Amino acid sequence: MATKVTPLSGFPELLPAERLLELAFLDTIREVFELHGFAPIETRAVEPVERLVGKGGDTDKEIYAVGRLAARGEESGESDLGLHFDLTVPFARYVLEHAGRLSFPFRRYQIQKVWRGERPQEGRFREFTQADIDVVDVDTLAPHFEAEMPLVIAEAFARLPIGEFRIQVNNRRIPEGFYQGIGLTDVAGTLRIVDKLDKIGPAGVTRLLLEAGATAEQAEQCLALAAIRTEDAGFVDRVRALGVTNDVLEDGLRALAAVIDTAAAVAPGVVVADLRIARGLDYYTGTVYETQLVGDEEWGSVCSGGRYDALASDGRTTYPGVGISIGVSRLVHLMVTKRGLTANRSTPSAVLVAVTHEDSRPASTAVATALRARGIACEVAPRADRFGKQIRYADRRGIPYVWFPGADGPGDEVKDIRSGEQVPADPATWECPAADLHPTVVGG
RNA sequence: GUGGGUGUAGCUCAGCAGGUAGAGCAUCUGGUUGUGGUCCAGAGGGCCGCGGGUUCAAGUCCCGUCACUCACCCCA
């Protein structure tokens with residue numbers, strides 16, 4: 001039965017060359033994560049719904065429910081399951097479940113799909129991949145981990161062909177204490193409004209704040225705070241100059257200054273204090289991160305996270321943590337569609353072994369086996385077409401070399417179809433140039 | 001969930017005073033009988049998203065519906 005196929009909005013699928021690009025990104029990310037000693041884990045795709053709800057604010061209603069078709073309408077007694085919408089909530093559950101077998105502080109990385117049922121848009125998907133690192137400890141978490149997270153990301157991003165980027169850091173206690181200090185009680189609501197600053201500008205934010213019940217002076221103070229952005233701990237004096245005193249505020253200033261001082265010493269200019277950012281899910285309690293690509297800030301954040309002190313608790317023991325997550329799908333999608341990045345071929349094959357005649361296919365297969373034994377990815381031509389077609393088969397896929405087996409015994413030759421150069425070669429000794437061994441990232 | 005836009009060939013799109021479906025690219029074949037890319041010639045390929053209505057006649061007008069898309073919300 002021929003059913004018309006249509007794309008599913010928000011569930012993107014990549015072509016081979018794009019997937020190879022994504023894999024190249026993932027390889028780099030994983031390598032850097034492991035260089036920093038993060039241990040790999042994977043959690044199941046589903047969690048009991050009651051564990052997911054209430055953790056991510058408005059994401060509650062975006063959770064995908066999962067159930068057996070046969071369970072519909074029956075009193076199954078099964079607990080309701082939902083697909084996880086991030087990797088932090090499942091990780092918190094994982095820590096509680098396996099605490100007895102883990103060593104703390106526990107540092108792990110996790111690269112998996114997550115699902116959110118929100119309306120898709122450019123660079124916003126319903127199914128996407130996150131690459132997440134977190135550190136959790138028992139009862140207390142040393143503050144230096146909050147400086148470490150963005151530095152690991154900075155190292156990974158520096159190895160990716162994505163250009164310049166800025167990791168913006170804030171501490172939620174700063175706006176919280178500040179807003180309280182000037183008499184605003186709806187901290188979350190105010191944060192949400194101020195967060196729109198980039199989109200609607202100061203006048204728009206002022207208008208919304210006034211509508212929310214703030215005075216003109218309070219709105220002005222909010223904007224003054226949000227305007228502060230420094231590459232070092234200079235933000236502390238600028239906040240103090242606003243004349244607001246509050247213990248929570250002071251606490252936040254101290255914490256953020258510590259993160260910025262540490263980060264600035266290692267990666268100056270990459271990690272900046274930006275007091276307007278407030279994002280992240282509801283469970284963040286202190287430091288929060290957000291990352292933008294320089295020149296393409298309107299794309300939104302491609303990496304964010306923060307510190308959470310109460311996400312994982314069994315009632316007796318609390319496991320505070322801090323983590324940060326790369327939006328791999330968004331990053332790759334934007335690189336492909338906006339910057340023209342892709343892989344230089346649509347298959348891993350470095351060599352196409354031609355088939356002279358169907359009768360001699362075993363000889364071609366033997367060549368391929370010899371090449372593979374030495375780590376050279378290759379495939380055998382699907383048909384014993386005339387050589388022009390076999391070369392075209394390779395050309396269409398970006399395969400750089402075509403191997404022509406000799407008629408009888410020796411006499412093999414390999415052709416670089418880009419240059420046209422063709423030389424005698426032996427499958428047991430031929431060296432594929434390192435640059436051609438694997439697909440590489442091109443474009444941009 | 002709310003509002004706007006768009007649904008025609010694999011892809012990008014044209015067609016609209018209502019009169020039995022087009023272009024470019026891609027694919028395939030041949031020129032080129034075992035060495036590609038250029039060029040030339042040709043071919044295949046469409047319930048014009050779906051359902052209903054108006055009409056002698058609907059890809060074209062009307063209504064509905066679904067999908068995609070942009071914005072809001074929220075977020076990687």
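A quick note: this is a predicted structure, and the numbers were derived from the prediction, not measured. Numbers restart at 1 for each chain; the letters A, B, ... are given by sequence-line order, proteins then strands.
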[N] OP1/OP2 closer than 4.0 Å to side-chain N/O of [X]:
X: A:Lys199; N: B:rC72; result: yes
X: A:Lys196; N: B:rC74; result: yes
X: A:Ser325; N: B:rA76; result: no
X: A:Arg124; N: B:rU69; result: no
X: A:Ser9; N: B:rU69; result: yes
X: A:Arg192; N: B:rC74; result: yes
X: A:Gln121; N: B:rA71; result: yes
X: A:Lys415; N: B:rG36; result: no

Pairwise [atom1] distance for [N] and [M], with rounding to whole Å:
N: B:rA58; M: B:rG4; atom1: C1'; result: 26 Å
N: B:rG10; M: B:rG5; atom1: C1'; result: 25 Å
N: B:rU8; M: B:rG22; atom1: C1'; result: 10 Å
N: B:rC16; M: B:rC39; atom1: P; result: 31 Å
N: B:rA23; M: B:rC50; atom1: P; result: 22 Å
N: B:rG59; M: B:rA21; atom1: P; result: 8 Å
N: B:rG37; M: B:rU32; atom1: C1'; result: 14 Å
N: B:rU6; M: B:rC13; atom1: C1'; result: 13 Å

Length of the line joining [X]:[atom1] and [N]:[atom2], which is rounded to integer Å:
X: A:Ile63; N: B:rC74; atom1: CD1; atom2: P; answer: 17 Å
X: A:Arg330; N: B:rA76; atom1: CZ; atom2: P; answer: 8 Å
X: A:Arg126; N: B:rU69; atom1: CZ; atom2: P; answer: 9 Å
X: A:Arg119; N: B:rU2; atom1: CZ; atom2: P; answer: 8 Å
X: A:Glu413; N: B:rU35; atom1: CD; atom2: P; answer: 13 Å
X: A:Ile200; N: B:rA71; atom1: CD1; atom2: C1'; answer: 14 Å
X: A:Arg386; N: B:rG37; atom1: CZ; atom2: C1'; answer: 13 Å
X: A:Glu13; N: B:rC11; atom1: CD; atom2: P; answer: 14 Å

A:Asp132 side chain reached by A:Phe91 side chain, heavy atoms, under 4.5 Å =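 Sidechains of A:Asp132 and A:Phe91: no contact.
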Side-chain touch A:Met335/A:Leu293, heavy atoms, less than 4.5 angstrom = yes
Between A:Arg108 and A:Asp134, is there a side-chain N and carboxylate O pair less than 4.0 Å apart?
->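 Looking at A:Asp134 together with A:Arg108, the answer is yes, because their closest N to O distance falls below 4.0 Å.
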A:Glu146 with A:Arg307: basic N within carboxylate O range, under 4.0 Å | yes
Where the side chain of A:Arg392 is concerned, which of B:rC75, B:rU35, B:rU29 is the nearest nucleotide?
-> B:rU29
Regarding the side chain of A:Glu122, the nearest nucleotide among B:rC70, B:rA76, B:rG30 is B:rC70
Short side-chain donor-acceptor distance under 3.5 Å, [Y] and [X]:
X: A:Ser304; Y: A:Glu290; value: no
X: A:Gln168; Y: A:Gln292; value: yes
X: A:Tyr393; Y: A:Glu379; value: yes
X: A:Arg172; Y: A:Tyr284; value: no

A:Arg396 or A:Gly300, whichever maps to the more 5' nucleotide of RNA chain B =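 Checking each residue's closest nucleotide, the 5'-ward one belongs to A:Arg396.
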Would you mind telling me which residue lines up with the more 5' stretch of RNA chain B, A:Asp395 or A:Arg383, judged by nearest nucleotide?
->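 Result: A:Arg383.
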Who pairs with [N] - Watson-Crick or G-U, where each distance is under 3.5 Å:
N: B:rA23; result: B:rU12
N: B:rA71; result: B:rU2
N: B:rA41; result: B:rU29
N: B:rC48; result: none
N: B:rC61; result: B:rG53
N: B:rG7; result: B:rC66

With a centroid cutoff of 5.5 Å and a plane-angle limit of 30°, would you call A:Phe128 stacked on B:rA76?
->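 Ring-base stacking flag set for A:Phe128 and B:rA76.
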With heavy atoms under 4.0 Å as the rule, sort [X] into base, sugar-phosphate or nothing.
X: A:Leu8; result: sugar-phosphate
X: A:Gly123; result: base
X: A:Gln422; result: base
X: A:Tyr393; result: nothing

